[in-house]
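Here the structure comes first, spelled out in structure tokens, and everything after it is commentary.
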Amino acid sequence: MVKRGVHEFGHTFVGIENGYMGLVEPDLTRPLTEEDTRGILPKGGTILGTSNKANPFEYAFKKEDGTWGVKDVSDEVLRRAEELKLDGLVAIGGDGTLTIGHQLSEKGLRVVGCPKTIDNDLSGTDQTFGFDTARGICTEAIDRLHSTAEAHDRVMVVEIMGRHAGFLTLDSGIAGGADVILIPEIPYRIEPIVEKIRRRGRRKRSFSIIAIAEGAYPVGGTLAVAEQAEDIPGRGVVRLGGAGKVCADLLARHIEAEIRVTVLGHLQRGGTPSAADRVLATLYGCKVLDLVRDGEWDHMVALRQGKIVTVPLSESRKERRVNPNGEEVRFAKSMGISFGD
């Protein structure tokens, strides 16, 4: 984006550090030049930093009594953008980032969006960049766990990120040859999973791999919340964790095999970006500048049916989830993969 903006349009760019926090707190902006962006293609993460607790409409602050509260500082964001003489803001992120961008746009700030999240859960686009890299890392992890599972006759439960959407678990589970895939969209029963493991045993397959999303839960159960989790000011959500252990504990009541749980956690978010993600991010970055040129504010770039297009930024507010009756799930079931339903 910066390279095309400089060379073709003569734009200058301001880097906003730590997400929207950089438009609230002082000294968190800096010039973003072509030199700053050299060599970043093979790097994961972000050179500007990020924050998932900096919603300007519910901004966290500490009260005099030491407790946390929230306040609306969106007007301050607009004033800060005016002080920086910004012609527009490019918001890069997932549903939270883009939803806030849409809200700021409704208040008069000129915003365009670029979808990035490993969960791939934005309804406005077929794919976000970051997803393909994380999918590859999760698949490799499942591949590696096959070795120890088979050698020691174990049931390996692999917990993968995905609060409400199971795309990452579904794709990496299929690619990694998981025997059971558990996703938030399909609450599971333990009986079909037990039967799947026993059937494998009768076929002299004494190990099994279960890929489970962090947001998966049993029928009649609830999301597994990390013990140390607290409500995070400005977000109103808690950190998930433990879905794999919940599943393992339920299984342990029915099978004698040794069960081990592996939580991939933030390993999924790191590493070198895949070629597909590098290309998609580059195309998105270039397309964003077309939106700026054409004054197509309050829109975001998207991939639909293999083409880079633009859609209203409000689309990012509609959460995209795995279709339990879709072809990918149906084909996976047809190959004998259990979803616990």
Side-chain angles (χ1 to χ4, degrees), residues 1-20 22-23 29-38 40-41 43-50 77 81 84-118 120-133 273-318 320:
M1 178 176 64
V2 172
K3 289 181 179 178
R4 186 191 179 202
V6 170
H7 285 282
E8 185 172 343
F9 299 106
H11 292 327
T12 57
F13 293 86
V14 176
I16 311 296
E17 298 180 342
N18 298 339
Y20 291 107
L23 289 174
T29 61
R30 60 184 173 89
L32 194 61
T33 67
E34 185 179 3
E35 189 64 33
D36 293 318
T37 62
R38 282 191 178 142
I40 66 172
L41 274 176
K43 294 181 180 179
T46 165
I47 62 174
L48 291 173
T50 187
V77 169
L84 292 168
K85 299 180 180 179
L86 300 184
D87 296 307
L89 177 69
V90 179
I92 305 172
D95 58 342
T97 299
L98 298 181
T99 294
I100 292 168
H102 174 60
Q103 292 174 309
L104 289 172
S105 183
E106 290 183 317
K107 293 198 66 161
L109 186 63
R110 298 198 290 188
V111 181
V112 291
C114 186
K116 174 208 67 70
T117 169
I118 69 168
N120 204 35
D121 59 352
L122 295 179
S123 66
T125 181
D126 294 341
Q127 189 159 328
T128 58
F129 73 87
F131 174 69
D132 184 68
T133 301
S274 68
D277 269 344
R278 297 185 200 191
V279 171
L280 185 60
T282 300
L283 294 177
Y284 276 174
C286 288
K287 184 65 174 180
V288 158
L289 294 172
D290 287 350
L291 273 67
V292 172
R293 178 196 63 201
D294 299 336
E296 202 171 350
W297 305 108
D298 200 24
H299 280 68
M300 71 176 193
V301 295
L303 180 69
R304 287 189 172 179
Q305 298 181 340
K307 295 181 179 179
I308 306 295
V309 298
T310 64
V311 298
L313 201 50
S314 57
E315 286 288 309
S316 67
R317 307 182 75 169
K318 304 172 186 176
R320 179 169 172 259

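Heads up: numbering here begins at 1 and tracks the sequence. In this text, all values refer to a predicted model and were calculated from it rather than measured experimentally.
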Nearest heavy-atom neighbours spanning P273 and G44
CD-N, 3.8 Å

T46 OG1 to N18 CG distance, which is reported to the nearest 0.5 Å
9.0 Å

The criterion is side-chain hydrogen bond (donor to acceptor under 3.5 Å, both in side chains); which residues satisfy it with E35, sequence neighbours excluded?
R38

Could I get the full list of side-chain contact (heavy atoms from CB on, under 4.5 Å) partners for T29, not counting sequence neighbours?
V14, I16, R80, L84

Could you list the residues that satisfy side-chain hydrogen bond (donor to acceptor under 3.5 Å, both in side chains) with D36, not counting sequence neighbours?
T33

Any sub-3.5 Å donor-acceptor pair from H299's side-chain atoms to W297's backbone N or O?
yes

Between D126 and Q305 (side chain of the first, backbone of the second, donor and acceptor by atom type, cut-off under 3.5 Å), is there such a pair?
yes

Side chain to side chain, T133 and I118, heavy atoms closer than 4.5 Å
no

Within a strict 4.5 Å, meaning less than it, do heavy atoms of the L291 and V301 side chains meet?
yes

Which residues satisfy the side-chain contact (heavy atoms from CB on, under 4.5 Å) test with D132, sequence neighbours excluded?
Q127, R135, S274, A276, D277

Could you go through residues 86-98 and list every donor-acceptor pair under 3.5 Å that involves a side-chain atom there, pairing it with any protein atom two or more places apart or in another chain?
none

Interatomic spacing from CG in L122 to NZ in K116 - rounded to 0.5 Å
10.0 Å

For K107, which residues count as a salt bridge (Lys or Arg N to Asp or Glu O under 4.0 Å) partner, sequence neighbours excluded?
D75

Non-neighbouring partners of R110 that pass salt bridge (Lys or Arg N to Asp or Glu O under 4.0 Å), sequence neighbours left out:
none

For S123, enumerate each residue passing the side-chain contact (heavy atoms from CB on, under 4.5 Å) test, keeping only those at least two apart in sequence or located in another chain.
E315, K318, R320

G124 and A302 have their tightest heavy-atom pair at O-CB, 3.3 Å

From I47 CD1 over to T37 OG1, what is the distance, rounded to the nearest 0.5 angstrom?
7.0 Å

Considering residues at least two apart in sequence or located in another chain, which fulfil the side-chain hydrogen bond (donor to acceptor under 3.5 Å, both in side chains) criterion with R30?
E17

Evaluate the side-chain proximity of C114 to F129: yes if any heavy-atom separation is below 4.5 Å, no if none is.
yes

Could you walk me through whether V311 and M300 pass the side-chain contact (heavy atoms from CB on, under 4.5 Å) check?
CA-CA 6 Å; V311 298; M300 71 176 193; 3.6 Å; yes

Does any part of the side chain of E34, heavy atoms only, come nearer than 4.5 Å to the side chain of H7, both counted from C-beta?
yes

Between M1 and F13, is any pair of side-chain heavy atoms under 4.5 Å apart?
yes

Is there a side-chain contact between V111 and D298 (heavy atoms, below 4.5 Å)?
no

What I want to check is whether the side chains of Y284 and T125 have a donor and an acceptor closer together than 3.5 Å.
yes

Listed by chain and number, what are the salt bridge (Lys or Arg N to Asp or Glu O under 4.0 Å) partners of E296, not counting sequence neighbours?
none

So K287 and T310, do their side chains get closer than 4.5 Å, heavy atoms only?
yes

Interatomic distance, NE2@H11 vs CG@L32, rounded to 0.5 Å, equals 13.5 Å

With R4, which residues qualify under side-chain contact (heavy atoms from CB on, under 4.5 Å), at least two apart?
E8, F9, C286, L289, D290, R293

